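Below: one structure, written as structure tokens.
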Amino acid sequence: MDDSERRNGRTRVREREEDRRPGAAGLGGELGERLGERATLVQFSSAFCAPCRATRRILGEVAGMVPGVTHVEIDAEARLDLVRALEILKTPTVLVLDADGRVVRRATGQPRKADVIAALGEAV
């Protein structure tokens with residue numbers, strides 16, 4: 001497995017070859033019609049996570065700015081099956097999916113808007 005990892009302030013960004021498979025751990029099929037036309041920002045959150053609220057706002061703004069991009073928020077506590085399958089270790093975790101539902105980028109912690117836009121560049 002080829003893991004590349006870098007730390008950018010509070011956000012850890014990872015890219016793994018196995019995440020590039022179509023519908024990694026069934027996520028593409030799980031989201032179904034909620035997938036964006038060009039890309040999807042998937043956020044795993046928990047109820048009492050303050051950075052999750054800020055992340056929701058940032059991802060919503062980016063999805064509103066970029067045509068064909070959708071933001072989907074998943075309650076990590078309600079979807080432990082996905083959390084385990086995708087190895088989500090903390091909230092917020094953001095997955096950037098391309099139009100086919102493949103994970104092209106993954107970040108933990110509250111992202112910066114510029115980083116989200118840059119990650120979308122890989123998906124579209």
Side-chain angles (χ1 to χ4, degrees):
M1 169 171 37
D2 177 28
D3 274 17
S4 64
E5 187 173 301
R6 73 175 193 270
R7 197 130 175 83
N8 183 1
R10 296 176 298 190
T11 303
R12 176 196 266 162
V13 178
R14 289 190 319 173
E15 181 174 14
R16 299 183 324 183
E17 189 59 36
E18 71 237 30
D19 286 341
R20 292 186 173 274
R21 293 188 311 241
L27 189 57
E30 181 70 33
L31 295 177
E33 294 180 12
R34 295 191 295 170
L35 281 177
E37 186 178 304
R38 296 176 65 200
T40 307
L41 301 170
V42 179
Q43 174 185 349
F44 283 86
S45 299
S46 54
F48 299 103
C49 167
C52 293
R53 290 188 290 277
T55 299
R56 178 183 313 119
R57 181 184 49 77
I58 291 166
L59 298 181
E61 287 175 9
V62 171
M65 288 175 19
V66 183
V69 174
T70 302
H71 170 226
V72 176
E73 188 170 7
I74 297 174
D75 180 359
E77 296 170 58
R79 295 306 315 266
L80 290 176
D81 56 332
L82 284 178
V83 167
R84 289 183 186 113
L86 294 168
E87 300 175 358
I88 306 296
L89 302 177
K90 68 182 255 183
T91 57
T93 293
V94 177
L95 306 178
V96 179
L97 282 66
D98 64 12
D100 296 323
R102 289 181 300 218
V103 178
V104 296
R105 185 62 74 195
R106 167 187 195 114
T108 58
Q110 181 181 331
R112 295 181 319 163
K113 187 185 283 189
D115 292 335
V116 175
I117 293 169
L120 277 175
E122 293 183 38
V124 294

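Predicted model only: the values in this text are computed from it and were never measured. Along the sequence shown, residues are numbered consecutively beginning with 1.
Minimum interatomic distance between A123 and V96 (heavy atoms only, all atoms of both residues): CB-CG1, 3.8 Å. Annotation for V124 and A39: closest pair CG1-CB, 4.0 Å, computed over non-hydrogen atoms. Of all non-hydrogen atoms in G36 and T70, the two that sit nearest each other are CA-OG1, 3.1 Å. What you find for V66 and R38 is that their closest heavy atoms are CG1-NH1, 4.2 Å. Contact record, T55 with G109: OG1-O, 4.4 Å, taken as the closest heavy-atom pair.
Shown here are the side-chain contact (heavy atoms from CB on, under 4.5 Å) partners of E37, two or more places apart in sequence or in another chain: there are none. Under the side-chain contact (heavy atoms from CB on, under 4.5 Å) criterion, R53 pairs with A50, R56, sequence neighbours left out. Evaluation of the side-chain hydrogen bond (donor to acceptor under 3.5 Å, both in side chains) rule for T40 yields no partner, not counting sequence neighbours. For I117, the side-chain contact (heavy atoms from CB on, under 4.5 Å) test picks out V62, M65, K113, with sequence neighbours left out.
Every pair tested for disulfide (SG to SG under 2.5 Å) that includes a residue from residues 94-124 fails, sequence neighbours excluded, so the list is empty. Among pairs with a residue in residues 50-89, those fulfilling disulfide (SG to SG under 2.5 Å) read C49-C52, at least two apart in sequence or across chains.
Interatomic distance, I58 CD1 to H71 NE2, rounded to the nearest 0.5 Å: 10.0 Å. Note that the OG atom of S45 and the CD1 atom of I74 stand 9.0 Å from one another [nearest 0.5 Å]. With values rounded to the nearest 0.5 angstrom, L120 atom CG is found 11.5 Å from R105 atom CZ. To the nearest 0.5 angstrom, F44 atom CZ is 11.0 Å from T91 atom OG1. The line from CG of D75 to CZ of R79 is 10.0 Å long, rounded to the nearest 0.5 Å.
Residues L80 and R84 are in side-chain contact: their nearest non-hydrogen atoms beyond the backbone lie under 4.5 Å apart. With contacts defined as side-chain heavy-atom distances shorter than 4.5 Å, the pair L97/V42 qualifies.
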Taking it one step at a time, do L89 and T108 satisfy side chain to side chain contact (heavy atoms under 4.5 Å, CB included)? CA-CA 9 Å; L89 302 177; T108 58; over 6 Å; no
